[in-house]
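Input: a single structure, listed below in structure tokens.
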Amino acid sequence: MLYILKTFTLLMLKKIYEHLLKEFGHQGWWPVTPSGSCRGDNLEPIYGLRARIEKQKLEIIFGAILTQNTSWKNVEKSIIELNKNNLFDIGKILKIKHDELAILIKSSGYYNQKAKKLKNMCVFLKKYPIKHLEKMELAKARELLLNVNGIGPETADSILLYAFDKPIFVVDAYTKRFLARLGLIKPDAGYEEVQALFMKELPKDTELFKEYHALIVEVAKRACKKNQKCDLCALKRLCRN
DNA sequence: GCCCAGGAGCCCG
DNA sequence: CGGGCTCATGGG
């Protein structure tokens, strides 16, 4: 019985992924600013790049914090402001005054909290440099990140997956709503429970996890909204709603 | 005006 | 442990 359920879930997850990929195409998350942008006018994050240099990884880390309960469009504006001031730099964030930083990220909302969170993160990254965290065992790096004030499970996992290329699945409000409507989880399922659903079934493939999460965000924005638009949804037939 | 957006911390029973 | 509150801007 257990075996049958497990197989069913795996088949569903694969089918969902294939449908979403066909519908929306490759998403190329996480958006980052092209490297060498200091002198050019490329100050804006774009999709489909690989975050190779440290500055780009820092951009993903900051972006993950800034986008907490906030639309990416608002975060983009803040990233451009930070780029203009060359602030994807741990030392400079630690040095800048709180109020000055808060103004630059104002468009992301919660700017006082988030200014503090960026500074907390930089204190942490000074003690544990990105290069060390990347080599660290996944569970250990995750635990350390979760101990930073302002970093919860989703932000930690976004950083691990998109900045450090660690094979961990990111769960957000979209993921829960989407899976609950499909009937694969209970509406009140906890974070780790939902994460385990993906990670026990699917191969631990970093690129697959990156793409899958991005595709869920896309379908949740377009069709699987709070007020669902099932007539627009490619997964209508697989869904309980 | 209202609702919502790629959450997390804190407080409280 | 779980629910309620707070943080805040910008777009629909």
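Residue numbers start from 1 in every chain, and the chains themselves are labelled A, B, ... in the order their sequence lines are given, proteins ahead of strands.
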*asked:* Expressed as a whole number of angstroms, how long is the span from A:Q68:CD to B:dG9:C1'?
replied: 10 Å
_In this structure, how many angstroms lie between the C1' atom of B:dG9 and the CG atom of A:L145, rounded?_
17 Å
*Give one of base, sugar-phosphate or nothing for A:G152, where a contact means two heavy atoms less than 4.0 Å apart.*
sugar-phosphate
_Does A:S108 reach a base, just sugar-phosphate, or nothing at all? Heavy atoms under 4.0 Å._
nothing
*asked:* I want to verify a distance call: between C:dG11, B:dA8, B:dG9, whose nearest atom is closest to the A:K77 side chain?
replied: C:dG11
*asked:* Applying the Watson-Crick and G-U wobble criteria at under 3.5 Å, what pairs with B:dG1? Answer none if nothing qualifies.
replied: none
*Of all the choices, B:dG7, C:dT9, B:dA8, which nucleotide is nearest to the side chain of A:K106 once you look at every atom?*
C:dT9
*OP1 or OP2 of C:dG11 less than 4.0 angstrom from a side-chain nitrogen or oxygen of A:N74, does that happen here?*
no
_Residue-phosphate contact under 4.0 Å: A:T67 side-chain N/O, B:dA5 OP1/OP2_ = no
*Give the rounded distance in Å between these two atoms: OH of A:Y110 and P of B:dA5.*
11 Å
*In terms of the angle between their ring planes, are A:F169 and A:Y212 parallel, tilted or perpendicular, with boundaries placed at 30° and 60°?*
perpendicular
*Choose from C:dA8, B:dA8, C:dG10 the nucleotide whose nearest atom is closest to any side-chain atom of A:N69.*
C:dA8
*So what does A:I151 touch, heavy atoms closer than 4.0 Å: a base, only the sugar-phosphate, or nothing?*
sugar-phosphate
*Sugar-phosphate, base or nothing in reach of A:K226, heavy atoms under 4.0 Å*: sugar-phosphate
*Counting any heavy atom closer than 4.0 Å, what does A:E154 reach on the DNA or RNA strands: base, sugar-phosphate only, or nothing?*
sugar-phosphate
*What is the distance, rounded to the nearest whole Å, between atom CG of A:N149 and atom P of B:dA8?*
12 Å
*asked:* Under 4.0 Å between a side-chain nitrogen and a carboxylate oxygen: does that hold for A:K210 and A:E207?
replied: yes
*Which part of the nucleic acid, if any, lies within contact of A:Y212, taking any heavy atom under 4.0 Å across all strands shown: a base, the sugar-phosphate backbone alone, or nothing?*
nothing
*Mind checking whether A:I103 and A:L87 sit in one hydrophobic cluster, side chains of I, L, V, M, F, W, Y counted as touching below 4.5 Å?*
no
*Hey, can you tell me if A:W30 and A:W72 have their rings parallel, tilted or perpendicular (30° and 60° cut-offs)?*
perpendicular
*Nearest nucleotide by nearest heavy atom, which residue falls closer to the 5' end of DNA chain B, A:G150 or A:S158?*
A:S158
*Under 4.0 Å between any heavy atoms, over every strand shown, what does A:V148 touch: base, sugar-phosphate, or nothing? Just pick one.*
sugar-phosphate
*Could you state the CD-P distance from A:Q228 to B:dC4, rounded to the nearest angstrom?*
14 Å
*If you check every side-chain atom of A:R177, which of B:dA8, C:dG10, B:dA5 has the closest atom?*
B:dA5
*Could you grab the distance from atom OG1 of A:T155 to atom CE of A:M121, nearest 0.5 Å is fine?*
8.0 Å
*How long is the line joining CD1 of A:I105 and P of C:dT9, in whole Å?*
12 Å
*Over how many whole Å does the gap from A:E192 atom CD to C:dC1 atom P extend?*
13 Å
_Can you confirm if the aromatic rings of A:F198 and A:F209 lie within a centre distance of less than 6.0 Å?_
no
*asked:* How many whole angstroms separate atom NZ of A:K221 from atom C1' of C:dG12?
replied: 14 Å
